Structure formats: C-alpha cells, structure tokens
There are 2 protein chains.
Amino acid sequence: MSKKRGRPLTEALTEAERVCLSNGAQLTELRRTVLQLILEAPGPLTAYQLLDQLKEIRKSAVPPTVYRTLEFLMENRLVHKIEQLNAFIPCSDAHHDHHDVQFLICEKCGTVAEIEDHAIVRALAKAAEKQGFHPGKAVVELDGICAACSTSAH
Amino acid sequence: MSKKRGRPLTEALTEAERVCLSNGAQLTELRRTVLQLILEAPGPLTAYQLLDQLKEIRKSAVPPTVYRTLEFLMENRLVHKIEQLNAFIPCSDAHHDHHDVQFLICEKCGTVAEIEDHAIVRALAKAAEKQGFHPGKAVVELDGICAACSTSAH
DNA sequence: TAACGGATGTTATACTATAGCTCTTCAGGT
DNA sequence: ACCTGAAGAGCTATAGTATAACATCCGTTA
C-alpha cells in the first residue's frame, strides 16, 4: 500500500477544525484522534481496525464510540465510507460536493483514490432524469488496477 | 413497495435455466427456489430475509446455504447485490454486461430499478483512463426518489 | 441552581458473512 | 460393477459489521 497523501497531516487537521467550526460542530479530542488515525493510514480502515488502534490511546473505546465518531466525520465531510469494503478513508477535499465524488479501488495494493469527475456526475443526472428519478447521493466505486500497480510488472 | 416486475415469473425462471445451461452450470432445485423468492419479492431482500423464507420450504437452510446460493446466482448474472443495502434483487436482463449496470434506489418506497446507461459507462471508462486506472467492475448506486413516489404527492 | 443539549460511556444485542469440514450424488474411466 | 473426482448441499462454529437503549458528564444559559 502506498503511503502518499495529498497534504501533510497537520494541515489536514487544521482544515478539519475550520470546516467543523463553520458547520457549527466541534472537533473534539476524540474526533480529532479518530480523524488523525484515518489520515495516517496507508489505505482504507474498517471500523474495527480503527477501534483496535483507538483502544491503545483511549481505553474506553468500544464500537459505538467509533461508529458515532465516523458518523460525525462523514456528516462533516471529513471522511468517506467505501461501501464495497465497509471501510473508511479521509476526504481528500472538504470543498467539493460530498455527494458527487467517485472512488477508484485498486485490487492489487488496496489503495482508494477519490476523484470528482463532472462528466460522470452529468451522465448520472441525465440518466436519472430520463427515468423521472430525483437523485440524492450517488455511490460510485470502480474496482480495478491502479496506474502504479499496472506499470510495476507483477 | 410496488409489485411490478418486467417479466412473468415462469418466463424469468425458464430464461434462468437457459443461462445456466449455456454457462455449464446447473440451476438446482435449491437455486431455483432461492431465485424464485427473489423474483417474487416486491423489493430487495437481505440474505437473512431470504433465509427466513427459505427455511419454511427447506428446513435445513442455514446462512451458508443462502450465501452460497447467492454467490452462484450472482456469478451467473441472475441476481445483483445492492452494496448500500446489503440486499439482493433479480437481474432484469441476463444479456447486458453484468459489470456495467446502475441502480436507482428509491428512499421512499424501497424499490430498486436497474438501468444500463452507456453514457455513464463511457464517462466512467474515460475518467478511469485519465488516471491510468484499469477498471473492472463498477458499483453505481443512486439514492433518491423514484418517479412514482415523486408524483404521488406525499 | 435548575434545566438543557451535546458528547461520551456502557451494556447488550442485532445483523451480515465466511471458514472448514462432512456427506451424498453422479458422471466418466477402467 | 468398481473406483474416483468434482459439484452440490449439510452442518457447526465463528468472524466481522453495526446499532439500540440507557446512563453519565459537563458546559451554557435561563
């Protein structure tokens, strides 16, 4: 799994603080800790992987602790859930529309890339309209092999 | 939940038989029964809902029974899993490319419509190519309100 | 100080899915 | 007829994912 992240950790956390403030929400120590674990991970983390790590820091952590925290972080657009994996990744950009994002899941290395492709969004909207369907959130997850894994020959 | 289905039950089952044969697979009584339950349902069924129904017919049914059967039915393109719901629906058309299908999930009535929109497929392929990503299967699930629910005013 | 709302603690349980081994059946080769 | 191998199904146990419901703590404000 590649360790590359778009932003340094502290910058991402500061940004998260700002986002929460502007949403009238508080990034408490627990929430900040969980977000940090997700940011530091080389790939998607399941709730229970997160729980195991969290327990080392916060003895009282149990499943509801992490699920509640994840719910908060998702509401505030700081993390995404990957439905196929039951796992969570940091949101790469708090500014884009949280509902119109797509994921590229590499079956080799396990990394998940987040993209925001407007052609896809438009195609989805148009297809929905054709059916008289009023769309809310879209789940778009592509499985395959990422660029790095397909060039490195094995 | 609307009860409308595209095809009569027996026709769908006959077609399923044909598909399995041409895949060198056998639609056994168990598999046929499970498929029929899914076809008759007004909406998506979870594995355990299916299990409960199956138990009334086949006393020996346990979770692996239904999961194995579902795996078979998915491999043979007879059912789809809706990732967001952990639930299963019949495939509306065994002929289309099983990987390039999209779902419209109504939050009001719970029905799921299956579509095959080539503009979406093309947009996905293009976006993947931009990233050097080699796509396999795509999960595309749109949440929203279906035409029927948005016209009937409530 | 009382009342409240948000955050977290705590216990229990519900729901989803798979591992791994056994047993039967049936087709194909001898 | 006999052996064998592969597919299907039975069976037990357990792993993994998620939520309900109620208790407690704490800071703000009426």
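Please read all numbers here as calculations on a predicted model, not as lab measurements.
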Q26(A) meets the side-chain hydrogen bond (donor to acceptor under 3.5 Å, both in side chains) criterion, sequence neighbours left out, with none
Qualifying salt bridge (Lys or Arg N to Asp or Glu O under 4.0 Å) pairs, either residue in residues 62-77 of chain A, two or more places apart: none
Return the value, rounded to whole Å, for the distance between atom CG of L85(A) and atom C1' of dT16(C). 16 Å
Could you state the atom-to-atom distance from CD1 of I82(B) to P of dA17(C) in whole Å? 13 Å
Looking at I120(A), V139(A), L124(A), which hits side chain to side chain contact (heavy atoms under 4.5 Å, CB included) with V140(B)? L124(A)
Quick check against the 3.5 Å criterion: does Q49(A) have a side-chain atom that pairs as donor or acceptor with the backbone of T46(A)? yes
Residues at least two apart in sequence or cross-chain that pass salt bridge (charged side-chain N to carboxylate O under 4.0 Å, His left out) with R18(B), listed by chain then number, are E15(B)
Residues 51-66 of chain A side chain polar contacts: donor-acceptor under 3.5 Å, at least two apart:
| residue | atom | partner | partner atom | Å |
| --- | --- | --- | --- | --- |
| T65(A) | OG1 | V62(A) | N | 3.1 |
| T65(A) | OG1 | V62(A) | O | 3.1 |

N86(B) side chain near dC15(C) phosphate (N/O to OP1/OP2, under 4.0 Å): no
Starting at atom CD of E83(B), determine the distance to atom P of dA18(D), rounded to an integer number of angstrom. 12 Å
Restricting to nitrogen or oxygen on both sides, can you table the protein-nucleotides 21-28 of chain D pairs closer than 3.5 Å?
none

Distance check: side-chain N/O of Y67(A) vs OP1/OP2 of dA18(D), anything under 4.0 Å? yes
Output the rounded distance in Å from CG (L73(B)) to P (dA9(D)). 10 Å
Output the residues of residues 20-37 of chain B in contact with DNA chain C, where contact means a heavy atom of the residue under 4.0 Å from an atom of the strand; sort by number or write none. none
Figure out the CD/P separation between E71(B) and dT18(C), and round it to whole Å. 8 Å
Does dG9(C) have its OP1 or OP2 closer than 4.0 Å to a side-chain nitrogen or oxygen of S60(A)? yes
Residues 105-152 of chain B vs ring-ring contact (aromatic ring centres under 6.0 Å, His included), sequence neighbours excluded, gives none
Taking salt bridge (charged side-chain N to carboxylate O under 4.0 Å, His left out) as the test, write out the residues that go with R32(A), two or more places apart. E17(A)
Using whole Å, report how far CD of E75(B) lies from P of dA7(D). 12 Å
What is the separation between atom CD on Q84(A) and atom C1' on dA17(C), rounded to the nearest whole Å? 16 Å
Which residues in residues 46-59 of chain B have at least one heavy atom lying under 4.0 Å from any atom of DNA chain C? T46(B), Y48(B)
Sequence-distant partners of D117(B), salt bridge (charged side-chain N to carboxylate O under 4.0 Å, His left out), two or more places apart: K130(A)
Mind checking side-chain hydrogen bond (donor to acceptor under 3.5 Å, both in side chains) for N76(B) and listing every partner two or more places apart, or none if nothing turns up? N23(B)
Could you work out, with side-chain hydrogen bond (donor to acceptor under 3.5 Å, both in side chains) as the rule, every residue matching S92(A), not counting sequence neighbours? E114(A)
